[in-house]
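Input: a single structure, listed below in structure tokens.
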Amino acid sequence: MDSFITGILLGLGVAIPIGPLNILIMNYSLSSFGRGFALGMGAMSADILYFVLLSLGVLAVFDNPWIFKSIAIFGAIFLLYMTWACYKNASKMLAKISCAERGESLLACYLKGLGLNSINPFIIGFWLSLSSVVASSANWTVAALGVLLALFAWVVGLSFATSLARRIISAKVARIFSYVSAVLMLFFTAFLIYNTFLKDI
């Protein structure tokens, strides 16, 4: 039980701080709960993948500066794409149309979340560091499952709360939020590039 609680606390610790994933979940949930939830589940699928790789000992291959930097490049490019998407769709935030009518299916939202976490070096770094933290637990597998459960609960809660809030948010406020999201995504991109390539110069 102690291992499971440790995992829950670690999961909440990584989920709650404001980051690109939380910003995008809120952004997408303003149009519908399904879109935000699908994006969050895509991101969590990447976490499950890294959990499996961690279990098999394969994740250690990412603990290489060159591989890490290569992933960071793709991550920065993807974040720039998401920045552009937030800006482009700002005027459509509360439009009364479905995902299909927007030309963006729930599968597309899921794949965006999957892509975001799959090539996010900070997520890879989290799971690499998690290996040493939970390894000291009585049952590290249970601890890691606790992390995943906490992440799932956070995705559901954040998506649901934001989708409820859309009922009291005007189109203008939603549009401003989308612009702010784009600026924050740009900040996260710059932060990623700085921490990966410029910090030690």
Side-chain angles (χ1 to χ4, degrees), residues 8-51 75-120 122-123 126 146-192:
I8 292 287
L9 294 176
L10 283 170
L12 291 176
V14 73
I16 293 176
I18 293 297
L21 179 60
N22 282 342
I23 293 296
L24 284 176
I25 289 176
M26 289 189 289
N27 194 289
Y28 275 55
S29 296
L30 278 177
S31 59
S32 77
F33 167 78
R35 295 183 79 216
F37 179 73
L39 187 136
M41 286 300 96
M44 188 169 172
S45 295
D47 284 312
I48 293 174
L49 172 62
Y50 288 132
F51 167 59
I77 292 172
F78 191 80
L79 282 174
L80 284 174
Y81 163 71
M82 297 306 296
T83 299
W84 174 79
C86 285
Y87 176 80
K88 178 185 176 185
N89 296 321
S91 60
K92 306 176 184 177
M93 287 302 298
L94 295 182
K96 304 297 183 179
I97 54 179
S98 68
C99 295
E101 289 170 325
R102 288 174 183 270
E104 188 168 27
S105 65
L106 292 178
L107 177 60
C109 296
Y110 172 86
L111 291 176
K112 283 184 177 180
L114 178 63
L116 180 66
N117 264 17
S118 294
I119 55 179
N120 186 341
F122 295 125
I123 297 299
F126 166 74
V147 170
L148 295 176
L149 179 61
L151 292 173
F152 175 78
W154 179 258
V155 168
V156 172
L158 184 61
S159 301
F160 184 69
T162 307
S163 64
L164 286 181
R166 71 189 294 266
R167 299 178 182 178
I168 58 174
I169 294 177
S170 67
K172 182 178 180 180
V173 171
R175 186 165 59 251
I176 292 173
F177 178 79
S178 196
Y179 287 138
V180 171
S181 297
V183 171
L184 288 174
M185 295 297 289
L186 194 60
F187 167 78
F188 290 127
T189 305
F191 183 75
L192 170 60

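What you see is a predicted model, and the numbers here were worked out from it, not measured in a lab.
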Counterpart residues, side-chain hydrogen bond (donor to acceptor under 3.5 Å, both in side chains), relative to Ser29 (two or more places apart):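 Result, side-chain hydrogen bond (donor to acceptor under 3.5 Å, both in side chains) vs Ser29: none returned.
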Exercise: identify the closest heavy-atom pair between Ala38 and Cys109: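 Distance-wise, the nearest heavy atoms are CB-CB, 4.0 Å.
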Heavy-atom closest pair, residues Gly146 and Ile8: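 Closest heavy-atom pair between Gly146 and Ile8: O-CD1, 3.4 Å.
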Can you tell me how far [atom2] of [Y] sits from [atom1] of [X], rounded to the nearest 0.5 angstrom?
| X | Y | atom1 | atom2 | value |
| --- | --- | --- | --- | --- |
| Ile176 | Ser181 | CD1 | OG | 11.5 Å |
| Leu106 | Leu111 | CG | CG | 11.0 Å |
| Ile123 | Leu21 | CD1 | CG | 7.0 Å |
| Ile77 | Ile119 | CD1 | CD1 | 8.0 Å |
| Ser105 | Arg35 | OG | CZ | 9.5 Å |

For Phe33, ring pair (Phe, Tyr, Trp, His ring centres under 6.0 Å) partners two or more places apart: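 Checked Phe33 against ring pair (Phe, Tyr, Trp, His ring centres under 6.0 Å); matches are Phe37.
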Pairwise side-chain contact, Asn27 with Thr162, heavy-atom cut-off 4.5 Å (strictly under):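 They are not in side-chain contact.
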Taking only distance into account, with no hydrogens and no angle test, what donor-acceptor pairs under 3.5 Å do side-chain atoms of residues 182-192 form with protein atoms, sequence neighbours excluded?
residue : atom : partner : partner atom : Å
Thr189  : OG1  : Met185  : O            : 2.9

What side-chain donor-acceptor pairs closer than 3.5 Å can you find for residues 40-51, not counting sequence neighbours?
residue : atom : partner : partner atom : Å
Ser45   : OG   : Met41   : O            : 2.9
Ser45   : OG   : Tyr110  : OH           : 2.6
Asp47   : OD1  : Trp127  : NE1          : 2.9
Asp47   : OD2  : Asn117  : ND2          : 3.4
Tyr50   : OH   : Ser118  : O            : 2.5

Full working for side chain to side chain contact (heavy atoms under 4.5 Å, CB included) between Phe78 and Asn120: CA-CA 9 Å; Phe78 191 80; Asn120 186 341; over 6 Å; no
